[in-house]
Trainee: 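Pasting a structure below so you can have a look.
Owing to the predicted nature of the structure, the values given are computational and were not obtained by experimental measurement.
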Amino acid sequence: DLAGTTAPALVAELGPLTFRRLLDVGGASGSYTIAFLEAVPGAVATLFDLPAVIPMARQRVAEAGLADRVTFAPGDFYVDPLPTGADFAWISAIVHQNSREQNRELFANVYAALTDRGQVMVRDIVMDESRTQPPAGAMFAVNMLVGTQGGGTFTFAELRDDLSAAGFADVTLVRQDEWMNSIIRAVKG
């Protein structure tokens, strides 16, 4: 529900966007897939998420009138290969649940799935170097410490290093937010 209300404005803020094929990794109910396809009318998308989530996404995408532009790929990004052929990948609100090692593996899998010069955008909390700002991110890090095996909130330098280790170049913090809507962009080198 929250993504359904924030996604259109956030995607509009990123524009103008140019891509032909979106890979929405862990796309959940499809809110970001819908927002991106509405922003780029000629594009198509593949929404990749757990099999139990796909029916909900399929329904939301159909209600948005975009069913003919979306392919649904059930799978688990921890174990299954990602669909290939996208020139743009979106990873939203995932990296905080992972350890840095898991993020490096995820970024490497996204890198392998993208076409040459494809780009990835990562939406999550991005902490400053002191790890105290934004304050909501510092509190959220405690939640991740208690609720996950290795999750947490990460600095831009850490995420840049993890994306670079996967092969990405031109890693840039394109949007800093007080909560979960910071965005990092990187390009497949």
Trainee: Hey, mind stepping through Leu82 and Phe77 against side chain to side chain contact (heavy atoms under 4.5 Å, CB included) and telling me if it holds?
Mentor: CA-CA 7 Å; Leu82 296 172; Phe77 58 72; 4.1 Å; yes
Trainee: Leu14 and Phe156: same hydrophobic cluster, using ILVMFWY side-chain contacts below 4.5 Å?
Mentor: no
Trainee: Do Leu23 and Phe88 make a side-chain contact, defined as non-hydrogen atoms from C-beta onward lying under 4.5 Å apart?
Mentor: no
Trainee: To the nearest 0.5 Å, how far apart are CG in Asp24 and OG1 in Thr71?
Mentor: 12.5 Å
Trainee: Ring centroids only, cut at 6.0 angstrom: are Phe72 and Phe48 within range, meaning strictly under it?
Mentor: no
Trainee: For Thr155, is there any backbone N or O sitting under 3.5 Å from a side-chain donor or acceptor partner on Glu158?
Mentor: yes
Trainee: Check for a donor-acceptor pair, side chain of Asp124 on one end and backbone N or O of Met180 on the other, with a separation under 3.5 Å.
Mentor: no
Trainee: Could you tell me whether a side-chain N or O of Lys188 sits under 3.5 Å from a main-chain N or O of Gly118, the two making a donor and an acceptor?
Mentor: no
Trainee: Quick check: closest heavy atoms across Ala89 and Val110, and the distance to 0.1 Å?
Mentor: CB-CG1, 3.6 Å
Trainee: Can Leu173 be reached from Val120 by stepping across I, L, V, M, F, W or Y side chains whose heavy atoms are under 4.5 Å apart?
Mentor: yes
Trainee: Checking Asp170 side chain against Ala186 main chain: does a donor-acceptor pair fall under 3.5 Å?
Mentor: no
Trainee: Between CG of Leu66 and CG of Leu47, what distance do you get to the nearest 0.5 Å?
Mentor: 12.0 Å
Trainee: For residues Trp90 and Leu22, determine if any side-chain heavy atom of one lies less than 4.5 Å from a side-chain heavy atom of the other.
Mentor: yes
Trainee: Same hydrophobic cluster for Ile94 and Ile183, using side-chain heavy-atom links shorter than 4.5 Å among ILVMFWY?
Mentor: no
Trainee: Please assess Ile91 against Met121 for the test side chain to side chain contact (heavy atoms under 4.5 Å, CB included), listing each intermediate value before the final yes or no.
Mentor: CA-CA 6 Å; Ile91 303 172; Met121 287 191 186; over 6 Å; no
Trainee: Between the side chain of Gln102 and the main-chain N/O of Ser99, is any donor-acceptor distance below 3.5 Å?
Mentor: yes
Trainee: Would you say Leu10 and Arg175 make side-chain contact, with heavy atoms under 4.5 Å?
Mentor: yes
Trainee: Please test Arg185 against Gln119 for side chain to side chain contact (heavy atoms under 4.5 Å, CB included), starting from the C-alpha separation and ending with a verdict.
Mentor: CA-CA 7 Å; Arg185 177 186 176 272; Gln119 68 175 324; 2.5 Å; yes
Trainee: Between Ser130 (side chain only) and Thr132 (backbone N and O only), is there a donor and an acceptor less than 3.5 Å apart?
Mentor: yes
Trainee: Mark yes or no for whether Arg69, through its side chain, and Ala43, through its backbone, hold a donor-acceptor pair below 3.5 Å.
Mentor: yes
Trainee: Measure centre to centre between the rings of Phe168 and Tyr111, then say whether the value is under 6.0 Å.
Mentor: yes
Trainee: Main chain of Arg20, side chain of Asp87: is a donor-acceptor contact present, judged purely on distance under 3.5 Å?
Mentor: yes
Trainee: A side-chain contact here means heavy atoms from C-beta on lying under 4.5 Å apart; do Phe154 and Arg100 qualify?
Mentor: yes
Trainee: Does Tyr32 reach the side chain of Arg123, with side-chain heavy atoms less than 4.5 Å apart?
Mentor: yes
Trainee: For Ala57 versus Ala28, what's the shortest heavy-atom pair and its separation?
Mentor: CB-O, 3.2 Å
Trainee: Side chains of Phe107 and Val95, heavy atoms from C-beta outward: is any pair under 4.5 Å?
Mentor: yes
Trainee: For Ser31 and Arg60, which heavy atoms make the closest approach, and how far apart are they?
Mentor: OG-NH1, 2.9 Å
Trainee: Does a side-chain heavy-atom distance below 4.5 Å link Thr153 with Met127?
Mentor: yes
Trainee: Can you name the nearest heavy-atom pair linking Asp49 to Gly26, along with the distance?
Mentor: OD2-C, 3.2 Å
Trainee: So do the side chains of Val171 and Ser164 get within less than 4.5 Å of each other, counting heavy atoms only?
Mentor: yes
Trainee: Hey, could you give me the CZ/CG distance between Arg104 and Asn109, rounded to the nearest 0.5 Å?
Mentor: 14.0 Å
Trainee: Using only atom types and a distance under 3.5 Å, with no angle test, would you say the side chain of Asn181 pairs donor to acceptor with the backbone of Asp177?
Mentor: no
Trainee: Applying side chain to side chain contact (heavy atoms under 4.5 Å, CB included), run through Leu37 and Val70 and close with a yes or a no.
Mentor: CA-CA 9 Å; Leu37 292 182; Val70 180; 3.5 Å; yes
Trainee: Could you tell me which non-hydrogen atom of Ser182 sits nearest to which non-hydrogen atom of Val126, and how far apart they are?
Mentor: CB-CG2, 3.6 Å
Trainee: Are Val122 and Leu114 connected into the same hydrophobic cluster when the rule is that any two of I, L, V, M, F, W, Y join if their side-chain heavy atoms are below 4.5 Å apart?
Mentor: yes
Trainee: Are a donor atom and an acceptor atom from the side chains of Asp162 and Asn103 found within less than 3.5 Å of each other?
Mentor: no
Trainee: Of all the heavy-atom pairs spanning Pro55 and Ala52, show the shortest one and how long it is.
Mentor: CD-O, 3.6 Å
